[in-house]
Amino acid sequence: MGKWDKYKKNKPEKNDSNSLNNGMGKTVINWYPGHMAKTKREISEKLNLIDVVYEVVDARMPLSSKIVDINDLIKDKPRIMVMTKYDLCDKTETDKIIKYYESTGYKVIPVDLIGNNTNGVKKIIDATNEIMVDINNKRKEKGLMPRAGRVLIVGIPNAGKSTLINRLVGKKAAGVGNTPGFTKSLSWIRINKDLELLDSPGILWPKMEDQEAAHILACLSSIKEEILNIDEIAIFVLKKLYELYPEKLEERYGITELDEDYIECYDMIAARRGALTRGGVADYDKVSNIIVRDLKNGYFGDITFDRLK
């Protein structure tokens with residue numbers, strides 16, 4: 001079977017510490033580049049300057065994309081959860097998780113950052129201004145002048161922080177990259193006379209014990225592809241779609257069942273998408289890339305890979 005041996009039951013492939021297995025072994029993802037450790041340290045040093053925190057999560061993975069130790073990082077600062085990519089999610093499922101977060105005391109604002117709908121951005125500004133009224137009233141009681149709100153924006157890589165900033169500013173103020181790790185350092189950005197943002201690089205955590213969440217982060221672009229096994233990510237996507245959205249899998253690839261070693265599925269996709277060698281043999285590497293790209297490009301429609309347990 002060659003490259004497919006690792007997908008056989010009870011035959012997990014041995015990986016190094018910065019790779020994914022297919023969910024059958026016990027290896028966990030360790031992914032903690034130096035700039036992430038530096039970011040956490042710098043946030044701690046600047047936290048006394050911050051009034052409000054925008055905690056950015058991806059609406060397609062609103063549980064998996066939440067920074068696990070966010071409370072240790074931002075302490076008791078007032079926060080607003082900004083749920084980006086809401087236009088790409090399965091709203092029925094994501095709304096259940098929004099209600100869960102709200103039941104724990106979060107102010108959650110879902111936003112569509114690509115379309116022309118500015119309601120979400122306005123709600124973010126209004127919610128921030130409400131918090132700043134209270135903060136500036138306390139400053140006044142101490143004999144201090146009111147000042148512009150200082151907001152820290154944090155989230156995992158590729159969560160949409162830079163796109164959010166650009167929408168808040170109304171023009172291109174922050175670079176936007178499609179790969180995680182695009183922003184490398186903390187930087188202040190003036191939104192208007194009443195609001196300043198401290199942008200930060202995406203943050204992950206040193207060890208990802210929850211392999212389900214780790215795979216979800218990987219297939220939706222929060223971990224750099226070059227450190228991953230593309231076949232394993234593609235197989236995870238197929239398994240997840242079959243579990244949650246079998247109709248989308250059938251519509252896109254004509255797949256109604258997953259075979260044990262996935263070869264038949266790959267052959268079907270290769271034939272349907274033209275991923276064949278000159279001899280008419282399926283190019284499995286190309287098929288893996290097609291599956292992952294189809295997910296990232298939204299060809300399966302609105303999806304949410306997280307579920308409340």
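Taking every heavy atom of both residues into account, Ser65 and Val57 meet most closely at OG-CB, 3.5 Å. Between Ser288 and Asp231 the shortest heavy-atom distance is OG-OD1, 2.7 Å.
Residues Glu55 and Lys66 are paired through a salt bridge, judged by an N-O separation under 4.0 Å between the basic side chain and the carboxylate. Salt bridge Asp294/Arg252: present, at least one basic N to carboxylate O contact under 4.0 Å.
Atom CD of Gln211 sits about 10.5 Å away from atom CG of Leu217, to the nearest 0.5 Å. Distance check, rounded to the nearest 0.5 Å: CD1 of Ile97 to CZ of Arg307 gives 7.5 Å. We find the NZ-OG1 distance between Lys96 and Thr304 to be 10.5 Å, quoted to the nearest 0.5 Å. A distance of 8.0 Å separates CZ of Arg190 from CG of Asp194, quoted to the nearest 0.5 Å. Ile203 CD1 to Ile70 CD1: the interatomic distance, rounded to the nearest 0.5 Å, is 7.0 Å.
For residues 123-140, every residue pair satisfying the side-chain hydrogen bond (donor to acceptor under 3.5 Å, both in side chains) rule, not counting sequence neighbours, is listed here: Tyr54-Thr128, Lys122-Asp126. Residue pairs meeting the ring-ring contact (aromatic ring centres under 6.0 Å, His included) criterion with at least one member in residues 102-152, sequence neighbours excluded: Tyr101-Tyr106. For residues 289-309, the set of pairs meeting the ring-ring contact (aromatic ring centres under 6.0 Å, His included) definition, not counting sequence neighbours, comprises Tyr253-Phe300.
Cation-pi geometry between Lys248 and Tyr245 is met: the NZ or CZ atom falls under 6.0 Å from the ring centre, inside 45° of the normal.
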